[in-house]
Every structure is written in structure tokens, then in C-alpha cells.
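Beneath this line is the structure, given in C-alpha cells, with notes to follow.
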Amino acid sequence: MRQALVMGNWKLNATKASVEALINGLVDAAKDNATVEVAVCPPAVFIPQVEALTADTAITYGAQDCDVNTSGAFTGENSAVMLKEFGCKYTLVGHSERRVIHGESSEVVADKFAVAQENGLVPVLCIGETLEQFEAGETKAVVEAQLQAVVTKSGITSLNNAVIAYEPVWAIGTGKTATPEIAQEIHAHIRSWLAEQDAAVANKVQILYGGSVKGANSAELFGQADIDGGLVGGASLDAVEFSKVIAGASA
Ligand code: PEP
């Protein structure tokens with residue numbers, strides 16, 4: 001039985017005041033839905049504040065990205081070592097905004113996945129197809145290639161200590177959600193692709209869905225057999241709405 005995980009990705013949004021209000025507003029949701037792990041991924045500069053605010057709560061947290069290097073002349077980056085020192089459990093790797101806007105290839109994402117794991121973080125590997133790829137019927141081939149890059153670099157068993165987030169790019173921040181049936185079909189495909197290589201890994205790994213998840217659709221999405229929770233952008237910025245999303249995972 002896989003534990004449900006609902007993770008908020010705040011992207012480039014937060015102030016000191018909003019972080020305090022948001023974390024304090026999520027404490028009850030994390031307590032009331034004890035079967036669900038609630039995590040947040042703030043912009044890196046707010047991680048120390050989140051570390052302090054979550055100290056006596058069940059809320060876990062992570063970063064939105066980490067560099068492939070652990071130290072040195074890499075201006076503007078944050079390393080897995082630093083994130084670990086500030087108590088991060090997770091780091092996202094390969095979010096579509098990193099792949100598309102920052103030009104990160106699947107090989108770079110695989111390097112980030114490896115360095116995160118080597119330094120004690122649980123990588124949340126984001127995969128998913130663009131609208132063009134979806135319309136061309138290429139979804140399964142795209143996610144397989146994105147997974148293959150990590151398997152080639154780190155081996156199939158590396159996914160024993162990782163989370164996968166399937167996020168169709170056309171559903172991120174657009175208000176268009178994949179139907180529960182479409183999402184389940186791809187999640188099941190990912191799991192069976194993994195099972196061909198290692199059945200135990202496939203059975204164990206949490207596969208989150210991401211793409212315009214909100215309170216109104218979370219229970220139906222998270223109720224699918226192979227959807228183990230969600231990676232949530234916009235709806236994670238409001239404590240009331242995010243609490244509804246979280247409740248959808250414990251239904
Ligand atoms: C995301 O940023 O990973 C995401 C899924 O965003 P949204 O929920 O806003 O679509």
C-alpha cells in the first residue's frame with residue numbers, strides 16, 4: 001500500500017507573510033488527514049522560514065530544483081548538499097518549466113536526480129508530454145524516454161527512493177486537467193513499463209499526478225488505482241483550497 005503524497009509547488013510565488021499564513025493554514029489539514037503526507041516546495045530563499053515554521057508539524061518540504069554540482073563557481077544555483085542542510089526531504093527535478101524555459105534535457109535531469117539522491121534528498125522526477133506530443137499520440141513514448149534517461153544513469157532500483165510526478169504540460173497552469181481516465185491510463189502505463197524491469201520497484205514507487213489539480217477534482221483523480229497523490233501548483237498557494245486538495249487524497 002503506497003502512502004498518498006500531496007505536494008505544493010509554489011514556483012516563483014511567496015512573501016514572508018504569505019509563507020507564514022500558508023504553513024500555519026496547512027497545519028490542521030496535515031493533522032486531520034494523517035494518512036496523507038503533505039509537502040511544500042517553496043522558492044529556495046524561503047526554505048529556512050519553512051524549516052522553522054514546520055518544525056513541530058507533520059508537513060515536509062523540498063526544493064523546486066537543484067544543481068548538478070554540489071559546490072563551486074556556479075552562480076545562482078543551489079546544491080543538494082545545501083538543501084539537505086536546511087532540512088529538505090525532497091527536490092523536484094525536471095519540472096516542465098525547467099525543461100522548456102531553461103532548456104534542461106532528460107540527461108541533465110537524470111544528473112540532477114542522481115546528485116540529489118547521492119546527497120540524501122528524495123528526487124521527485126517530473127515527466128510529461130507537450131500538447132503537440134499529446135495530439136500526435138506520443139505521450140507514452142515521451143514519458144518512457146524521460147524515465148529511461150534516469151534508469152540509464154542510476155539504474156531501475158534508484159526509483160525505490162524517488163517519486164515520479166506525471167504532469168501533462170498542456171494541463172499545467174492552464175485550467176485543463178487530464179480526465180481521471182486519461183491520467184490513470186498513463187499512470188498505469190508508467191507502472192507497467194517499470195514492472196517490465198523490476199516489479200517490486202513498480203509496486204513501491206509513488207506516482208503523483210500534476211496539472212490544474214484543485215479541490216473540486218482531487219478526490220476523483222487521487223481515487224484512481226495508480227495515482228498516489230498530486231503535485232499541485234496554483235491551488236497550493238491558498239491554504240483553504242490546498243486543504244481541500246489534501247482531503248481528496250484521504251477520501
Ligand atoms: C505544477 O506546477 O507542477 C502544476 C501542476 O501547476 P498547476 O497545478 O498550477 O497546473
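Remember, it's 1-based here, ligands and their atoms both numbered in the order they're listed.
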Considering only residues two or more places apart or on different chains, which pairs with a residue in residues 87-126 satisfy ring-ring contact (aromatic ring centres under 6.0 Å, His included)? none

Name all pairs fulfilling the ring-ring contact (aromatic ring centres under 6.0 Å, His included) condition that reach into residues 186-207, sequence neighbours left out, sorted by first residue then second. Tyr166-His187

Ordered by chain then number, the protein residues lying under 4.0 Å from ligand 1 by heavy atom are Asn9, Lys11, His95, Glu167, Ala171, Ile172, Gly173, Gly210, Gly211, Ser212, Leu231, Val232, Gly233, Gly234

Without hydrogens or angle criteria, can the side chains of Ser154 and Gln117 be said to hold a donor-acceptor pair below 3.5 Å? no

Here the pair of heavy atoms bringing Lys16 nearest to Gln49 is O-NE2, 2.9 Å

Cluster membership besides Trp170, Ile/Leu/Val/Met/Phe/Trp/Tyr side chains within less than 4.5 angstrom, sorted by chain and number, is Leu131, Phe134, Ile182

May I ask you to decide whether Glu185 forms a salt bridge with Lys140, counting only side-chain N to carboxylate O separations under 4.0 Å? yes

